[in-house]
Amino acid sequence: MLRNFLFRAKLPDPPTPYLLCSNIPPSESEATLIYAVIAEAKAEEQRLSNLLPDRPDSGSASWKMAAKHKIAQAAKFIHAHEAIISPIRRMPPEILQEIFSFILEHSTLEHSIRNPYRRVTRDLPWTLSQVCQSWRATALSLPFLWNHLPTLEATRLTKAKTKLQLDVLNELLRRSANTLLSVHIFAPCIDLRSPHPAVGLLVQHSERWGTFIIDSTPTTIADIQGIRE
């Protein structure tokens with residue numbers, strides 16, 4: 001009888017499958033349906049859990065494995081649908097902006113003398129903007145998230161890599177709007193023979209430099225003589 005009950009065990013169909021792969025908040029009617037299937041799945045999970053202690057140990061290994069698998073499926077179903085009705089999906093953009101600002105402010109404290117908050121603040125906006133559409137929209141609306149430019153390695157690169165470097169810099173300059181920039185140029189001891197195009201691009205925006213660090217040679221330093229106050 002228990003074996004037949006296990007085979008009959010079935011989870012409800014997701015009422016809003018399109019919300020499982022997005023961060024869009026559910027409507028009131030959708031939330032009602034989601035609460036209902038969560039309750040149904042929890043009841044099914046509890047019924048299956050109650051069966052396990054009553055099953056004799058002898059010859060029951062495969063049965064217990066199947067039951068535990070179904071319980072795990074129920075738990076996964078519940079977790080996924082509880083995420084849909086999570087309050088964070090209904091959080092106003094203004095609150096999310098304050099949270100992002102708080103994270104950035106405190107991440108700048110995590111720094112070392114050699115490399116002040118470079119990695120944390122460099123990666124932060126990309127991490128936040130790749131969570132979901134609403135987080136991306138919020139991150140893109142905050143220019144100060146994007147004004148810590150990645151370390152510019154002014155080395156001899158292929159044309160393709162140089163173009164990629166310029167594309168990333170141009171995009172960050174656009175996203176950071178008119179905020180002050182944190183700039184770090186690293187140029188090893190080699191003769192580039194001609195000005196590095198990325199250095200030239202940054203020099204064009206030198207009036208926006210808030211902090212500037214350069215590890216370089218006289219060759220690259222000569223390239224930044226055109227900076228503007």
Side-chain angles (χ1 to χ4, degrees), residues 1-110 117 119-146 175:
M1 183 177 68
L2 292 177
R3 181 181 180 86
N4 292 335
F5 181 87
L6 179 61
F7 287 141
R8 291 198 306 270
K10 183 180 179 182
L11 294 173
D13 293 327
T16 56
Y18 44 88
L19 293 180
L20 290 171
C21 54
S22 76
N23 203 35
I24 301 172
S27 65
E28 290 187 11
S29 59
E30 289 172 332
T32 299
L33 294 174
I34 293 167
Y35 279 115
V37 297
I38 289 175
E40 188 177 343
K42 285 185 175 180
E44 188 67 28
E45 180 186 35
Q46 187 61 50
R47 283 195 296 269
L48 290 170
S49 298
N50 291 340
L51 291 175
L52 286 178
D54 298 331
R55 185 67 179 175
D57 292 336
S58 177
S60 64
S62 61
W63 187 93
K64 283 188 174 182
M65 185 178 298
K68 289 179 179 179
H69 175 70
K70 287 186 176 291
I71 292 171
Q73 286 183 317
K76 184 178 180 180
F77 180 95
I78 294 166
H79 177 75
H81 285 79
E82 286 181 336
I84 297 177
I85 55 177
S86 170
I88 197 169
R89 291 209 182 198
R90 301 185 298 275
M91 183 177 295
E94 297 79 10
I95 302 299
L96 201 56
Q97 288 177 356
E98 289 296 322
I99 293 174
F100 287 1
S101 300
F102 179 85
I103 294 173
L104 179 65
E105 179 183 351
H106 284 73
S107 69
T108 58
L109 301 178
E110 302 292 333
Y117 53 82
R119 178 173 296 278
V120 175
T121 51
R122 180 193 66 190
D123 296 341
L124 177 63
W126 303 103
T127 301
L128 295 176
S129 64
Q130 293 176 23
V131 173
C132 62
Q133 286 184 337
S134 61
W135 282 40
R136 178 176 178 79
T138 300
L140 291 176
S141 71
L142 300 173
F144 61 81
L145 279 182
W146 306 92
R175 293 186 183 186

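All residue numbers in this chain count up from 1 along the given sequence. Everything quoted here is computed from the prediction, not taken from an experiment.
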J.: Rounded to the nearest 0.5 Å, how far apart are NZ of Lys10 and CD of Gln73?
T.: 12.0 Å
J.: Check Ala41 against Ala74 and note the closest heavy-atom contact, atom names and distance.
T.: O-CB, 4.2 Å
J.: Say you draw a straight line from CZ of Arg136 to OG1 of Thr138; how long is it, rounded to the nearest 0.5 Å?
T.: 11.5 Å
J.: Do the non-hydrogen side-chain atoms of Arg175 and Leu140 ever get within less than 4.5 Å of each other?
T.: yes
J.: Please determine if Glu44 and Arg47 form a salt bridge, counting it only when a charged side-chain N lies under 4.0 Å from a carboxylate O.
T.: yes
J.: Could you go step by step and tell me if Leu142 and Leu104 meet the side chain to side chain contact (heavy atoms under 4.5 Å, CB included) rule?
T.: CA-CA 11 Å; Leu142 300 173; Leu104 179 65; over 6 Å; no
J.: Quick one: do Thr32 and Glu28 satisfy side chain to side chain contact (heavy atoms under 4.5 Å, CB included)? Show the steps, please.
T.: CA-CA 6 Å; Thr32 299; Glu28 290 187 11; 5.6 Å; no
J.: For Glu30 and Ile84: C-alpha separation, side-chain torsions, deciding distance, then whether side chain to side chain contact (heavy atoms under 4.5 Å, CB included) applies.
T.: CA-CA 10 Å; Glu30 289 172 332; Ile84 297 177; over 6 Å; no
J.: CG of Asn23 to CE of Met91: how many Å apart, nearest 0.5 Å?
T.: 10.0 Å
J.: Would you say the side chain of His81 lies within less than 4.5 Å of the side chain of Pro14, judging by non-hydrogen atoms?
T.: yes
J.: Looking at every non-hydrogen atom in both residues, tell me the closest pair between Ala139 and Phe100 and how far apart they are.
T.: N-CE2, 4.0 Å
J.: Of the non-hydrogen atoms in Glu45 and Ala75, which two are nearest, and what is the gap between them?
T.: OE2-CB, 3.6 Å
J.: Would a distance-only check, ignoring hydrogens and angles, find a side-chain to backbone donor-acceptor pair under 3.5 Å from Trp135 to Thr127?
T.: no
J.: Any chance you could measure Leu20, atom CG, to Ile34, atom CD1, to the nearest 0.5 Å?
T.: 8.0 Å
J.: For residues 85-100, which residue pairs qualify under salt bridge (charged side-chain N to carboxylate O under 4.0 Å, His left out), counting only residues two or more places apart or in two chains?
T.: none
J.: Heavy atoms, side chains only, cut-off 4.5 Å: are Tyr18 and Thr16 in contact?
T.: yes
J.: So which heavy atom on Asp13 is nearest to which on Val37, and how close?
T.: O-CG1, 4.1 Å
J.: Got Gln97 and Ser141 here, is their nearest side-chain heavy-atom distance under 4.5 Å?
T.: yes
J.: Search all heavy atoms of Ser129 against all heavy atoms of Trp146 and return the closest pair with its distance.
T.: OG-CH2, 3.9 Å
J.: For Glu82, I'd like to know if atom CD has over 12 heavy atoms of other residues, nucleotides or ligands within 6.0 Å.
T.: yes
